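Report on the following structure.
The model shown is predicted, which means the values in this text are computed figures rather than measured ones.
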Amino acid sequence: MSMSTTKLNAENHLLLDQPLLRLPHELLRKTFKTSQRVFEREQKELRDGIKAAANNALSGAASSEDSLASLDSMISRMQGFKRKLEALHEDEKILHEHSRKRIAHLQDLYSIPSLVDEGYDKWSRTRLDRLLVDFLLRSGYGESARQLAQEKGIEDLVDVDVFVQCSKVEASLRRGSTVECLAWCGENKTSLKKVNSTLEFELRLQQFIELVRGGHCNEATVYSKKFLTPHSEKHLSDIERVSALLIFPPTTTFPRYMDLYSARRWEFLATTFINTHHSLYGLPSRPLLHIALSAGLSALKTPSCHSPVASSSSNTASSTTSLCPICSTELNDLARNVPYAHHVHSSVEPDPVVLPNGRIYGRARLGELAAKLGLSEGKIRDPTTGEEWDDKTLRNVFIM
């Protein structure tokens, strides 16, 4: 194998690993914003408290005991503020450590000279472990993912807690509860506003629907004025539509309103939350394992891999073989939407013919096999199945 084919291109490998650094960066940014908000709020409260205490003391409106009590209250508040900042600082230290180890992991790739180097095999195994943990997390197996990460010693290279929290919110939506998701929206209100997310509005619509479903029309009206009316500029048609539920009961047969009462709304909300969550943290919508597999599948895929004729060695009408990874049951659906491979050099024999069972071979190769096996003149045998036919049954194949 030439050096040109074994030389490692680190930049191409890292295309798949962008989320590895993006997520800690987004978490650090979120922690910084939280610290900034807490600091600004506490700073304002402290200034206002000191100013009020000083004015009351100078004007004689407060006794010395009252002034001391005010100062003690401010000291207690500042001690609580200090504890909050210390907790946020510890979170930042952990995230910085994660980033440092992830950068070191990616940097190791630049010290590996070729694909056949032993270091590349070790690095690839670590990445495969990361992809498996990511796949387990996205599939809802948080505890299994955590155990795998611990066993492989890659806790700092994966984001178990982030996905576990995401799964909890998703599960609550599928159970018919909006409380957890609304709390998440409150924590990320600024970020959601920047990307013009409609998640919180959809949750408010659902809460209105549930109030109407429960027969609490008066409460629903009050709720609409408080939480839906502020969105009337952008979502007037949606608000008008959902307001009509005050007239149409859950038993209505009008499709326009049946959809709003449908349980599919919860599925829609769960999907919307996941997409919003992954978008905010720079995570791909599909598992990284699928993305990595798709790259390899595209290099092997041909039009025959998704032929309507089933691919199986037991199916004599098949022109493909189960030895093809793309034709396998496990990978066929995953490869369905990836592009076909672009082969510069053809591996098809120059004189292809098709047998009655649909299999394709070179005419010369069939003739050589027949001579080697000592078959009667004019007879040929399928090298795979062992079936025999008259050579007059062969049909020429023309590659388009």
Side-chain angles (χ1 to χ4, degrees), residues 14-34 87-88 90-103 105-106 125-175 177-189 191-192 195 197 199-200 203 266-294 334:
L14 296 183
L15 290 175
L16 186 65
D17 294 301
Q18 292 180 10
L20 189 65
L21 298 179
R22 178 74 182 273
L23 185 54
H25 171 75
E26 293 298 330
L27 292 174
L28 278 169
R29 189 171 63 83
K30 179 181 176 182
T31 303
F32 173 76
K33 292 293 185 182
T34 301
L88 290 169
E90 287 300 318
D91 292 341
E92 283 189 344
K93 286 170 63 177
I94 293 173
L95 291 172
H96 280 300
E97 182 65 15
H98 286 179
S99 295
R100 186 187 66 79
K101 291 187 176 180
R102 295 178 186 204
I103 292 172
H105 169 66
L106 298 179
R125 288 181 180 275
T126 301
R127 180 166 72 170
L128 178 59
D129 291 335
R130 289 195 294 104
L131 298 184
L132 290 174
V133 171
D134 175 82
F135 180 78
L136 289 172
L137 289 170
R138 291 171 183 266
S139 302
Y141 301 105
E143 189 56 36
S144 297
R146 192 185 300 276
Q147 292 182 13
L148 177 60
Q150 291 174 352
E151 180 181 338
K152 299 297 183 179
I154 57 173
E155 296 98 321
D156 294 326
L157 302 181
V158 293
D159 301 286
V160 176
D161 292 336
V162 172
F163 278 100
V164 168
Q165 181 62 30
C166 176
S167 296
K168 288 181 179 178
V169 177
E170 177 194 359
S172 70
L173 288 172
R174 296 188 188 280
R175 291 195 306 268
S177 171
T178 60
V179 176
E180 294 85 345
C181 195
L182 281 171
W184 183 86
C185 289
E187 294 173 1
N188 298 273
K189 189 170 185 178
S191 299
L192 292 173
V195 298
S197 171
L199 175 60
E200 184 176 357
L203 293 170
W266 291 106
E267 180 70 24
F268 164 74
L269 290 173
T271 303
T272 302
F273 164 71
I274 293 174
N275 293 336
T276 304
H277 176 275
H278 291 355
S279 176
L280 283 188
Y281 289 118
L283 297 169
S285 57
R286 299 171 58 202
L288 293 173
L289 183 63
H290 284 187
I291 297 174
L293 283 173
S294 297
L334 181 60

Carefully, step by step, assess L173 and L203 under the rule side chain to side chain contact (heavy atoms under 4.5 Å, CB included).
CA-CA 10 Å; L173 288 172; L203 293 170; 3.8 Å; yes
To the closest 0.5 Å, what do you measure between OG (S99) and CG (L28)?
5.5 Å
Result block: side-chain N/O donor-acceptor pairs under 3.5 angstrom for residues 147-158, not counting sequence neighbours:
residue: D156; atom: OD1; partner: H98; partner atom: NE2; Å: 3.1
residue: D156; atom: OD2; partner: K101; partner atom: NZ; Å: 2.6

Rounded to the nearest 0.5 Å, the CZ atom of R130 sits from the CG atom of D159 at a distance of 10.0 Å
Who are the side chain to side chain contact (heavy atoms under 4.5 Å, CB included) partners of Q18, not counting sequence neighbours?
L15
Ring pair (Phe, Tyr, Trp, His ring centres under 6.0 Å) partners for F135, two or more places apart:
H290
Measure the spacing between CG of L199 and CH2 of W184 and express it to the nearest 0.5 Å.
6.5 Å
Throw together a table of side-chain donor-acceptor distances under 3.5 angstrom for residues 268-278, partners on residues two or more places apart or in other chains.
residue: T271; atom: OG1; partner: E267; partner atom: O; Å: 3.0
residue: T272; atom: OG1; partner: F268; partner atom: O; Å: 2.8
residue: N275; atom: ND2; partner: T271; partner atom: O; Å: 3.3
residue: T276; atom: OG1; partner: T272; partner atom: O; Å: 2.7

So Y141 and V133, side chain to side chain contact (heavy atoms under 4.5 Å, CB included) or not? Walk me through it.
CA-CA 9 Å; Y141 301 105; V133 171; over 6 Å; no
Apply salt bridge (Lys or Arg N to Asp or Glu O under 4.0 Å) to D161 and list each qualifying residue two or more places apart in sequence or on a separate chain.
R146
Indicate the atoms forming the closest heavy-atom contact of L131 with A292, along with that distance.
CD1-CB, 4.0 Å
For P287, which of D134, L132, L293 qualifies under side-chain contact (heavy atoms from CB on, under 4.5 Å)?
D134
Identify the two heavy atoms, one from P24 and one from P19, that lie closest to each other, and give their separation to 0.1 Å.
CD-O, 4.3 Å
Would you give the length of the straight line joining atom CD of E180 to atom OG of S172, rounded to the nearest 0.5 angstrom?
4.0 Å
Using every non-hydrogen atom in the two residues, find where P284 and I291 come nearest and quote the distance to one decimal.
CB-CD1, 3.9 Å
Heavy-atom count check: over 12 atoms from other residues, nucleotides or ligands less than 6.0 Å from R174 CZ?
yes
List the residues meeting side chain to side chain contact (heavy atoms under 4.5 Å, CB included) with S191, not counting sequence neighbours, and say none if there are none.
R29, L280
Taken to the nearest 0.5 Å, the spacing of S177 OG from L182 CG works out to 8.5 Å
On a heavy-atom basis, the closest approach of Y281 and R22 is O-CG, 3.8 Å
Interatomic spacing from CD1 in I103 to NE2 in H105 - rounded to 0.5 Å:
12.0 Å
